[in-house]
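Before any comments, here is the structure.
Proteins come first, then strands; the chains are lettered A, B, ... in the order of their sequence lines, and each starts at number 1.
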Protein chains: 2
Amino acid sequence: MRFGEGVEWGVHVCALLAAAPPDRGLSAKALAEFHELPPAYLAKHLQALARAGLLTTSRGPRGGYRLARPAGEISLWEVAEAIEGSGPAFRCTEIRQRGPCAASAKACIRPCGIAAAFAAAENAMRKVLEKITIADAAMQAASAADSRQMAAFRAWLVRAAT
Amino acid sequence: MRFGEGVEWGVHVCALLAAAPPDRGLSAKALAEFHELPPAYLAKHLQALARAGLLTTSRGPRGGYRLARPAGEISLWEVAEAIEGSGPAFRCTEIRQRGPCAASAKACIRPCGIAAAFAAAENAMRKVLEKITIADAAMQAASAADSRQMAAFRAWLVRAAT
DNA sequence: GCTGTTATACTCGGATAGAAGATGTCCGAGTCTTAACGG
DNA sequence: CCGTTAAGACTCGGACATCTTCTATCCGAGTATAACAGC
């Protein structure tokens with residue numbers, strides 16, 4: 001059970017976009033450069049975020065990505081789901097209905113208890129991630145940075161927005 | 001983010017072993033037959049469970065697997081971890097330390113806020129799964145079964161223990 | 001000087017390879033059973 | 001009739017293929033920009 005690498009990238013990128021001026025998009029190339037990520041592959045995940053409605057895109061020169069909603073209204077769960085897909089983590093294949101002692105189909109109207117347990121666990125995880133927003137992540141990152149890093153960040157922003 | 005198929009198999013198999021007589025092991029072949037699972041592949045997961053100390057093995061004729069502990073002391077989390085591995089679901093690669101605005105190593109003594117958020121979410125899921133035991137799963141399965149299925153199960157048990 | 005047009009460069013978007021992990025299968029090592037054999 | 005022993009069959013254990021998913025990359029489609037020519 002593991003999250004793909006793209007989830008980490010997606011959250012960091014969204015936090016970066018939250019700190020950028022909202023009237024101006026950041027290109028995939030700039031976003032990749034900021035974290036030294038492979039530009040083409042990051043672009044793939046950015047497309048997934050755009051398809052999910054978390055980012056809006058502008059093409060052409062001075063185009064790029066920006067947050068589709070205020071950062072406080074985008075949860076970490078939405079980002080993870082946009083990149084990883086929306087299926088449940090535990091997929092019950094109903095093996096109780098197979099084999100020599102198969103349960104009758106009538107008895108299987110209620111979901112399998114094991115699947116229900118994992119679904120409850122996944123819900124608990126989802127609830128935590130739904131309560132944490134991109135704004136929270138950006139705030140934490142900003143508070144952890146010293147003045148030197150903040151100055152470097154501002155300088156990078158104006159350069160990336162050229 | 002998803003659990004492998006082996007986790008489902010492992011939990012079902014452990015629940016089955018919980019219902020079997022504790023003085024007598026069940027072979028991998030019998031366990032596979034019960035759910036119509038590929039025997040060789042299920043054996044692989046059974047080995048993982050044995051390595052993790054959840055099952056004990058006996059070789060030779062009339063050998064097989066049995067629970068190493070009472071079913072009420074084996075949690076679903078332990079089963080999942082034994083099969084999937086113990087690493088964290090979200091692995092922070094510290095991309096904040098890379099790029100033109102890299103955070104200083106000194107500022108990174110405290111863990112990344114994003115990684116902490118995902119770790120908290122994973123802990124929430126783990127806590128739920130730690131509270132649910134194999135005994136609970138076996139009980140639910142038994143209560144969902146009708147009398148016909150219970151009779152078939154008992155008949156299968158004596159045949160598998162031949 | 002202003003406006004319309006056109007060429008350009010920059011951006012996203014989906015289609016296309018490669019690597020890693022999960023899935024599935026096989027045969028050898030080990031051991032308990034069992035039955036034959038000798039005492 | 002009993003103890004010993006050796007063969008046999010059954011079991012687990014790890015090494016060996018196959019396949020899906022994740023990772024990584026490239027080139028074409030589309031658009032705002034900016035230069036340029038005409039008025």
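- Ala43(A) comes within contact range of no nucleotide atom at all, as no heavy-atom separation falls under 4.0 Å.
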Full working for salt bridge (charged side-chain N to carboxylate O under 4.0 Å, His left out) between Arg126(B) and Glu130(B)
CA-CA 6 Å; Arg126(B) 185 168 50 86; Glu130(B) 277 174 347; 3.0 Å; yes

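- Looking at which nucleotide of DNA chain D each of Gly63(B) and Ala40(A) is closest to, the 5′-most match is held by Gly63(B).
- A donor-acceptor contact under 3.5 Å links the side chain of Arg59(B) to the base of dA29(C).
- Nucleic acid contact for Gly25(A): none, since no nucleic acid atom lies under 4.0 Å from a heavy atom of the residue.
- Ring orientation note: the planes of Phe90(B) and Phe118(B) are close to parallel, at an angle under 30° on the 30°/60° scale.
- In this structure, Leu46(B) atom CG and dC12(D) atom P are separated by 8 Å, rounded to whole Å.
- Here dC12(D) presents its P atom at 11 Å from CG of Leu55(B), a figure rounded to the nearest Å.
- Of the candidates dG13(D), dC26(C), dT31(D), the closest approach to any side-chain atom of Gln47(B) belongs to dG13(D).
- Checked by atom type and distance alone, the side chain of Gln97(A) never pairs as donor or acceptor with a backbone atom of Ala102(A) at under 3.5 Å.
- Between the CZ atom of Arg2(A) and the P atom of dA20(C) there is a distance of 12 Å, rounded to whole Å.
- At whole-Å resolution of the value, CD in Glu84(B) and P in dA20(C) are 20 Å apart.
- Regarding Trp9(A), its CH2 atom lies at a distance of 8 Å from the P atom of dT23(D), rounded to whole Å.
- Look at CZ on Arg91(A): it is 12 Å from C1' on dT23(C), rounded to the nearest Å.
- Between the CD atom of Glu5(A) and the P atom of dA19(C) there is a distance of 16 Å, given to the nearest Å.
- Phosphate proximity of dT31(C) to Ser58(B): absent, as no side-chain N or O sits under 4.0 Å from OP1 or OP2.
- Atom P of nucleotide dT25(D) and atom CG of Leu37(A) are separated by 11 Å, given to the nearest angstrom.
- Residue contacts shown for Lys29(B) are absent, as no nucleic acid heavy atom lies under 4.0 Å away.
- Looking at every heavy atom in both residues, Ile83(A) comes nearest to Gly6(A) through CD1-O, 3.3 Å.
- Using a 4.0 Å cut-off, some side-chain N or O of Arg51(A) falls inside it from OP1 or OP2 of dG14(C).
- Here Tyr41(B) does not reach the OP1 or OP2 of dC19(D): none of its side-chain N or O atoms lies under 4.0 Å away.
- Using the six-membered ring where Trp is involved, Phe153(B) and Trp156(B) have ring planes that are parallel, under 30° apart on the 30 and 60° scheme.
- Which of dC10(C), dA24(D), dA9(D) sits closest to the side chain of Pro61(B) comes down to dA9(D).
- Map Lys44(A) and Gly60(A) each onto its nearest nucleotide of DNA chain C; the residue landing nearer the 5' end is Gly60(A).
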